[in-house]
Participant: 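Below is a structure I'd like to ask you about.
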Amino acid sequence: SPPPVVYDPGTCNAQCDSLENNRCNCTEIGCAFSYDDVCFTDQEFSVASDEVVMVTESHATRIIEGWEKLWLDEISDLTKQFEHIDVTYIASRSLEDMLQEASGAQITLISIGYMLVVVYIIAYFALDMSTGSPKLALATTPGPVASFLAVVCIGLSTFAALGIAGLLVSCGIMFNALTLQILPFLSLGLGINDFFLLSSSVGAVMRAEPDLSAEEIMSRAMAIGGVSITLSSLGNACAFFLAALSPLPAVRHFAIQVAISVLCNYLIAVTVQPAILAVDVARVLRRNSPPISLPSLKNRRSDADIEKPPTESAAPIRTEEKETVAGKVPVTLNPTYSRKSADFDLTDENNTVQTKESRPHALLLVIFDDNTLSLILRLGILVCYAIFFGVSIWGISKVDSGLKLKDVVPEGTYVHNYAVDSEKFESYAVYTVGKDIDYANQMQNIFDLEYDFVHEGKYTNRHYNRTSPWNYYEQYTSAGYCQGSVCDTEVQWVYSKYKADRDQCLSDGSVKLSNEKCRAICGVDNPASPDAYCPQNPLNSAQRCVFTEPVNGENNTASCHCPYVVLPKPELFYSELEKFLQSGVQGEIAESLLSFDDDRNLVGSEVIYFVINIGALDAKLDHIRKARDITADNPSSGDSGREMFPFDISVYALNEQYLTIKYDMFFVLAMGIIAAACIMSILLVHPLTLLITLIVIVWIEVELWGFITFLGMKLNGVVMVNMVMSI
């Protein structure tokens, strides 16, 4: 093994100021640190002698991170020399560093996305497609400058939302990979939708009343589009705030950040964007050109393309009065001409009208006239949609949950390579973590918990057993007790299920000792005998070894079980613990599994176990459920902040969310739909219309959920966020 790595701070260059904040105040010289008269611009972490340097906690963190960085660099170079072996590796901070790097904003990608939207929106409003061929239409609003400024405002709104979200970090609302990878594009989509809606309202007003002033046009446009923008923004914000009820922190934080972005976009949509459009409308009016209708990307058939009926052959036109809500109004009727007859063009090459008997395929026209065709199409669409909906419901029952490590780290990195290779292995180290436990008085419960976790837990490796600081502490105390350095009055006796299962009369664990020797080991006649097993309590028979008589007097059939171990009494527990931690290798191992505060008070502990054969997500969830039950039922956990829980990164941190993900999905979607119903009820006052709209929304959500499995996707936090956005 390599020599130990200790901190070698180096010395500041002679031309630099003194060391400050672990850095030299010298960048212009290009030689901030000097190591053995060799110049370095950055501080180095190098192998040094056995010198011990006292450092602060933050300083020590930088040392460890520097050591890990050097280790990763070295292992990368070392593995390149192997020709027949592929080595993958990972460090303790690799995943955190990789996720932090992935959480950074992709400035180039975001810039390209925003520029493409600018190009699209300018082309959309500046090109007139109504004649079938693109034609530049500058006398229309919004113009290129207004469109560009609208996108810029949406970008500034997104930055404002991120700034507000940054202020909420102190409240626990953290940035994650979703925040800077998805939020800018989502905010752009929602913001540009509001701009399109407002622009359409402006165009509609200008077409209907071309003589209005710019202020009057914007006033009426806001009366039309402002309501829709307000209701849609309010609905989106409510849906995302309700999604913040999700127990998944990443989903909860992202939902709050999106809701903030929606509100920022709304403020822009009702303040800045109307001002931009007002200036642009004034520009159009100053050009003294009639505003052109907003172009459509579809080639629609105009009235000019429809053949008009011959004037000379037209039947007499008659006028009738028709009853309407407003009263009787005159209606002009033409019995011989309709748009339908012109569309079907029921004439031959000689311009003579064909009858049903003379026209080819007349029977098909009778069968598939407008009413019949409409009915058949509607029924067919409903049948297809019902089948689609049924398949989606079936698909929901087949949706798998999960998000593997390889799915959350960038491809091509060493962490991704490790994640891919690690799927070939199904063994993981897991922990039971104690927090603020009264260890001195809870050792019996802790020993029971360790045994139950191994023997009752799902997929726990019983052969490996566990690595426990309390097991080492017990061995240290028992050795002192048996050697006579610890008195009977200084110890507490703890029942160990591990020791209760062990037959002390099995030599090397497999060969039975003679009955006489077994009797002597058990201390039946003299528990204080040098041959008797230790520790056992000579003063209390209930805490002695249990001797089982030979079966039918046969030799080598007796057994002895000594279930009790010793630990210091509660009043001596912590003082003796400090001595044990300084006693040797076992003490050093135990200390690495214990946590202390600044006053050297014990505040936490970890016990290591191994779980095997849990490659599948269902197996991991079975293990997590059972482990939770075991720790929750143990009396060491209780009120006053005492807590004992299982944890690790690979099994628990990445998979615990899937215990309730389907319930969480249903709950979040239900809350979003309820919020949508409340918002829509303001606009859709008719209850039947509202009900139909909600049914359609539910229908769509069911189909999206069901088709997750057919798209090869799995249910996870990212999918849940997208489902909420679809509402």
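No experiment lies behind these values; they were computed from the predicted model shown. Every heavy atom of this structure was used, including side-chain atoms; hydrogens, water molecules and symmetry mates were not.
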Participant: Do Lys497 and Asp452 make a side-chain contact, defined as non-hydrogen atoms from C-beta onward lying under 4.5 Å apart?
Facilitator: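 They are in side-chain contact.
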
Participant: Residues two or more places apart in sequence or in another chain: which of them pass side-chain contact (heavy atoms from CB on, under 4.5 Å) with Gln444?
Facilitator: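 Listed in chain order: Asp448, Val494, Tyr495.
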
Participant: So, Cys522 with Cys560, SGs under 2.5 angstrom?
Facilitator: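 Yes, the SG atoms sit under 2.5 Å apart.
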
Participant: Is the shortest side-chain heavy-atom distance between Leu449 and Met644 below 4.5 Å?
Facilitator: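 Yes, side chains in contact.
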
Participant: Can a donor-acceptor pair be found, under 3.5 Å and without considering hydrogens, that links the side chain of Gln586 to the backbone of Leu581?
Facilitator: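 Judged by distance alone, no pair lies under 3.5 Å.
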
Participant: Taking side chain to side chain donor-acceptor pair (under 3.5 Å) as the definition, give me every residue that meets it alongside Asp648, ordered by chain and number, with sequence neighbours left out.
Facilitator: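 Listed in chain order: nothing, the list is empty.
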
Participant: Is there a donor-acceptor contact under 3.5 Å from the side chain of Thr413 to the main chain of His416?
Facilitator: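 Checked: pair present.
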
Participant: Does anything in residues 568-587 form a salt bridge (charged side-chain N to carboxylate O under 4.0 Å, His left out)? List the pairs, not counting sequence neighbours.
Facilitator: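 Checked against salt bridge (charged side-chain N to carboxylate O under 4.0 Å, His left out) - neighbours excluded - the pairs reaching residues 568-587 are Glu576-Lys579, Glu578-Arg600.
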
Participant: If I compare all heavy atoms of Lys662 with all of Ser401, which pair ends up nearest, and what's the gap?
Facilitator: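 Looking at all heavy atoms of both residues, the shortest contact is CE-OG, 4.3 Å.
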
Participant: Among all residues two or more places apart in sequence or in another chain, which pass the side chain to side chain donor-acceptor pair (under 3.5 Å) test with Tyr451?
Facilitator: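 With neighbours one apart ignored, the set is Asp501.
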
Participant: The test is side chain to side chain contact (heavy atoms under 4.5 Å, CB included); show your working for Tyr564 and Ser496 and say whether it passes.
Facilitator: CA-CA 6 Å; Tyr564 283 91; Ser496 171; over 6 Å; no

Participant: What's the separation between atom CG in Leu715 and atom CE in Met665, rounded to the nearest 0.5 Å?
Facilitator: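 So the gap between those two atoms works out to 4.5 Å.
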
Participant: Would Leu594 and Trp470 count as a side chain to side chain contact (heavy atoms under 4.5 Å, CB included) if you check the C-alpha gap in whole Å, the side-chain angles of each, and the deciding distance to 0.1 Å?
Facilitator: CA-CA 10 Å; Leu594 301 176; Trp470 311 121; 3.8 Å; yes

Participant: Do NZ/NE/NH1/NH2 and the carboxylate oxygens of Lys512 and Asp503 come within less than 4.0 Å?
Facilitator: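 Result for this pair is yes, salt bridge flagged.
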
Participant: Compare every heavy atom of Gln257 with every heavy atom of Ala165, then report the nearest pair and how far apart it is.
Facilitator: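 Closest approach of Ala165 to Gln257, heavy atoms only: CB-CG, 3.8 Å.
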
Participant: Going by side-chain contact (heavy atoms from CB on, under 4.5 Å), name the residues that satisfy it together with Leu167, two or more places apart in sequence or in a different chain.
Facilitator: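 Leu167 satisfies side-chain contact (heavy atoms from CB on, under 4.5 Å) with no other residue.
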
Participant: Would you say Ser592's side chain and Ile589's backbone share a donor-acceptor pair under 3.5 angstrom?
Facilitator: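 Judged by distance alone, yes, a pair lies under 3.5 Å.
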
Participant: How many angstroms lie between CD in Gln504 and NZ in Lys517, if you round to the nearest 0.5 Å?
Facilitator: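 Between atom CD of Gln504 and atom NZ of Lys517 there are 14.5 Å.
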
Participant: Identify the two heavy atoms, one from Thr477 and one from Val491, that lie closest to each other, and give their separation to 0.1 Å.
Facilitator: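 Smallest interatomic distance, heavy atoms only, reads CG2-CG1, 4.4 Å.
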
Participant: Just grab all the disulfide bond (SG atoms under 2.5 Å apart) pairs involving residues 437-474, residues at least two apart or on different chains.
Facilitator: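 The answer is none; no pair qualifies.
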
Participant: For the OH atom of Tyr658 and the CG atom of Asp400, what is their distance to the nearest 0.5 Å?
Facilitator: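 Spacing of OH (Tyr658) from CG (Asp400) equals 11.5 Å.
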
Participant: Cut-off 3.5 Å, side chains only: do Gln543 and Gln536 have a donor facing an acceptor?
Facilitator: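 No, because no side-chain N or O of Gln543 sits under 3.5 Å from a partner of the opposite role on Gln536.
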
Participant: For the residue pair Tyr574 and Phe596, is the inter-centroid distance of their aromatic rings smaller than 6.0 Å?
Facilitator: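 Between Phe596 and Tyr574, which both carry aromatic rings, the centre distance is not below 6.0 Å.
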
Participant: What distance do Phe175 atom CZ and Leu183 atom CG have between them, rounded to the nearest 0.5 Å?
Facilitator: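 Here the rounded value is 8.0 Å.
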
Participant: Would a 4.5 Å heavy-atom cut-off, applied to side chains only, mark Leu168 and Ile260 as touching?
Facilitator: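 Side-chain contact under 4.5 Å: yes.
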
Participant: List for me each residue that meets ring pair (Phe, Tyr, Trp, His ring centres under 6.0 Å) alongside Tyr476, sequence neighbours excluded, and say none if there are none.
Facilitator: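 Listed in chain order: Phe580.
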
Participant: For a quick test of reading the model, state the closest non-hydrogen atom pair linking Asn634 to Asn445 and the distance between them.
Facilitator: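 Closest heavy-atom pair between Asn634 and Asn445: ND2-O, 3.0 Å.
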
Participant: Less than 4.5 Å apart, any side-chain heavy atom of Leu72 and any of Tyr414?
Facilitator: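 In short, these two side chains touch, coming nearer than 4.5 Å.
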
Participant: Between the side chains of Tyr533 and His561, does any donor sit under 3.5 Å from an acceptor?
Facilitator: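 No, because no side-chain N or O of Tyr533 sits under 3.5 Å from a partner of the opposite role on His561.
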
Participant: With salt bridge (charged side-chain N to carboxylate O under 4.0 Å, His left out) as the rule and sequence neighbours excluded, what pairs involving residues 623-634 come up?
Facilitator: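 Applying salt bridge (charged side-chain N to carboxylate O under 4.0 Å, His left out) to every pair that reaches into residues 623-634, excluding sequence neighbours, yields Asp622-Arg625, Arg628-Glu656.
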
Participant: Testing the basics here: between Val486 and Glu490, what is the closest heavy-atom pair and its distance to 0.1 Å?
Facilitator: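 It is CA-OE1, 3.5 Å.
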
Participant: Is the shortest heavy-atom distance from the side chain of Pro646 to the side chain of Phe453 under 4.5 Å?
Facilitator: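 Yes, their side chains come closer than 4.5 Å.
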
Participant: Tell me, please, which residues at least two apart from Asp597 pass side chain to side chain donor-acceptor pair (under 3.5 Å).
Facilitator: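 Testing Asp597 for side chain to side chain donor-acceptor pair (under 3.5 Å), a comparison that skips the adjacent residues, returns Asn601.
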
Participant: Do the side chains of His455 and Thr460 get nearer than 4.5 Å, heavy atoms only?
Facilitator: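 They are not in side-chain contact.
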
Participant: Is there a side-chain contact between Leu602 and Leu577 (heavy atoms, below 4.5 Å)?
Facilitator: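 The answer is yes, as the side chains (C-beta and beyond) meet within the 4.5 Å cut-off.
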
Participant: Among residues two or more places apart or on two chains, list those pairs meeting salt bridge (charged side-chain N to carboxylate O under 4.0 Å, His left out) that have a residue in residues 458-472.
Facilitator: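 Listed once each, the pairs are Glu450-Arg466.
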
Participant: Would Leu593 and Val607 count as a side chain to side chain contact (heavy atoms under 4.5 Å, CB included) here? Give the steps.
Facilitator: CA-CA 7 Å; Leu593 299 173; Val607 178; over 6 Å; no

Participant: Applying disulfide bond (SG atoms under 2.5 Å apart), which residue pairs with at least one partner in residues 451-495 are found, sequence neighbours left out?
Facilitator: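 Pairs touching residues 451-495 that pass the test: Cys482-Cys534.
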
Participant: Show, in sequence, the C-alpha distance, side-chain angles and deciding distance for Asp77 and Ile75, and conclude whether the side chain to side chain contact (heavy atoms under 4.5 Å, CB included) test is met.
Facilitator: CA-CA 5 Å; Asp77 294 335; Ile75 198 69; over 6 Å; no

Participant: Less than 3.5 Å apart, any donor N or O on the side chain of Tyr439 or Ser605 sitting next to an acceptor on the other?
Facilitator: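 Checked: Tyr439/Ser605 side chains pair up, N/O donor to acceptor below 3.5 Å.
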
Participant: Scan the side chains in residues 608-619 for donor-acceptor partners under 3.5 Å anywhere in the protein, sequence neighbours excluded, and list what turns up.
Facilitator:
unit_1: Tyr609; atom_1: OH; unit_2: Thr432; atom_2: OG1; d: 3.3

Participant: The test is side-chain hydrogen bond (donor to acceptor under 3.5 Å, both in side chains); show your working for Tyr89 and Asn417 and say whether it passes.
Facilitator: CA-CA 8 Å; Tyr89 49 89; Asn417 296 336; over 6 Å; no

Participant: Give, for atom OH of Tyr498 and atom CZ of Phe447, the distance between the pair rounded to the nearest 0.5 Å.
Facilitator: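 Taking OH in Tyr498 and CZ in Phe447, the distance rounds to 10.0 Å.
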
Participant: Rounded to the nearest 0.5 Å, what separation is found between the CD1 atom of Ile256 and the CD1 atom of Ile173?
Facilitator: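 These two atoms lie 3.5 Å from each other.
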
Participant: Are Gln492 and Pro568 side-chain neighbours, meaning at least one heavy-atom pair lies under 4.5 Å?
Facilitator: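 No, every pair of side-chain atoms sits at 4.5 Å or beyond.
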
Participant: In this structure, is the centre-to-centre distance between the rings of Tyr428 and His623 below 6.0 Å?
Facilitator: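 Not close enough - the centres of the two rings lie 6.0 Å or further apart.
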
